[in-house]
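Scope of the values below: all heavy atoms of this structure, side chains included, with no hydrogens, waters or symmetry mates.
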Amino acid sequence: MSKIVSALALCCFAALATPAFADSSCSAAAEASAKNYEHEQGIIWGKMGGTIRDFKQNKYDGGWGSRCLVDVSFKIAHQDNIVTTRFVVDALQRKIYATFYGIAKKGSEENPRVLTCNYGYNFDEASFCKSEAEFESVVATIVK
């Protein structure tokens with residue numbers, strides 16, 4: 001399972017390292033960032049026998065100091081598990097502010113066991129959360 005989380009984290013950072021968009025508007029950047037992430041995750045998880053489902057994105061103008069934030073979430077069906085994935089990132093600066101990865105057995109997805117949950121204004125000094133509910137609470141303050 002650690003290989004899965006490592007691959008997921010690597011892909012997340014790779015998706016964010018792509019060149020800046022010619023159109024730097026928040027809407028265009030958020031849409032392109034989410035599509036790129038969905039595409040890359042589909043390839044990576046497909047090679048590991050998983051499939052992406054329930055892909056969602058929300059764009060927030062003006063969160064945390066007028067940043068262009070996009071909140072991307074999806075689930076991955078992989079073997080007998082469902083991996084819940086979510087991240088909040090500035091689509092223009094490619095800076096991650098929050099990530100959540102949880103895992104649950106298929107059919108019991110309501111309360112995934114937390115694999116990684118962290119957040120922070122300076123993500124390299126991120127705080128750690130203990131549950132998806134705590135993550136939701138933090139994200140609500142980030143996107144205000």
Side-chain angles (χ1 to χ4, degrees), residues 1-21 26-144:
M1 184 52 62
S2 65
K3 287 183 181 181
I4 293 171
V5 173
S6 296
L8 191 57
L10 178 62
C11 183
C12 179
F13 291 117
L16 298 173
T18 57
F21 303 103
C26 182
S27 293
E31 182 71 24
S33 180
K35 283 184 179 184
N36 186 47
Y37 192 70
E38 181 179 24
H39 175 75
E40 288 181 353
Q41 290 297 303
I43 291 170
I44 288 171
W45 283 101
K47 289 182 178 191
M48 293 188 296
T51 55
I52 292 180
R53 65 176 215 196
D54 304 330
F55 189 91
K56 298 175 189 164
Q57 69 186 50
N58 290 314
K59 179 187 67 72
Y60 301 98
D61 284 319
W64 263 11
S66 299
R67 287 169 174 75
C68 175
L69 300 178
V70 61
D71 181 347
V72 177
S73 63
F74 57 94
K75 295 183 185 271
I76 300 123
H78 183 258
Q79 298 172 353
D80 291 335
N81 298 313
I82 299 295
V83 180
T84 300
T85 303
R86 186 164 169 203
F87 75 93
V88 177
V89 63
D90 183 317
L92 295 172
Q93 294 182 358
R94 305 282 193 253
K95 183 169 182 164
I96 298 171
Y97 290 105
T99 59
F100 178 86
Y101 301 105
I103 188 167
K105 292 288 182 192
K106 286 183 182 175
S108 61
E109 303 166 35
E110 295 304 315
N111 294 307
R113 179 174 54 89
V114 176
L115 297 176
T116 301
C117 183
N118 43 33
Y119 57 89
Y121 188 76
N122 293 316
F123 194 75
D124 56 333
E125 299 171 7
S127 298
F128 297 94
C129 41
K130 295 176 180 66
S131 68
E132 193 170 12
E134 182 181 352
F135 180 82
E136 290 288 341
S137 174
V138 170
V139 169
T141 64
I142 292 173
V143 299
K144 280 186 182 179

What's the separation between atom CZ in F87 and atom OH in Y37, rounded to the nearest 0.5 Å?
5.5 Å

Separation between CD (Q57) and NZ (K35), nearest 0.5 Å, reads 8.0 Å

Calculate, to the nearest 0.5 Å, the distance between atoms CH2 and CD1 belonging to W45 and I76 respectively.
4.5 Å

Looking only at non-hydrogen atoms, find the nearest pair between E38 and I52 and report the distance.
O-CD1, 3.8 Å

Backbone N or O of M48 within a donor-acceptor pair of the H78 side chain at under 3.5 Å?
yes

I need the L115 CG to T85 OG1 distance, nearest 0.5 Å.
9.0 Å

Applying side chain to side chain contact (heavy atoms under 4.5 Å, CB included), run through F55 and Q41 and close with a yes or a no.
CA-CA 11 Å; F55 189 91; Q41 290 297 303; over 6 Å; no

Looking at every non-hydrogen atom in both residues, tell me the closest pair between D54 and K75 and how far apart they are.
OD2-CD, 3.8 Å

Can you tell me if K106 uses its side chain to pair, donor with acceptor, with the backbone of Q79 under 3.5 Å?
yes

side-chain contact (heavy atoms from CB on, under 4.5 Å) partner of Y119, the single match among V138, V139, I96
V138

Measure across A98 and I142 and return the closest heavy-atom pair with its distance rounded to 0.1 Å.
CB-CD1, 4.2 Å

Give me the atom names and distance for the closest heavy-atom approach of V114 to S131.
CG2-CA, 3.9 Å

Interatomic distance, CD1@I82 vs CZ@R53, rounded to 0.5 Å, equals 4.0 Å

Any heavy-atom pair between the side chains of T116 and T99 that's under 4.5 Å?
yes

Mind checking the CZ-CZ spacing from F135 to R86? Nearest 0.5 Å is all I need.
5.0 Å

Electrostatic pair K105-D80, nearest N-O below 4.0 angstrom
no

For S33 and A30, indicate whether the former's side chain and the latter's backbone hold a donor-acceptor pair under 3.5 Å.
no

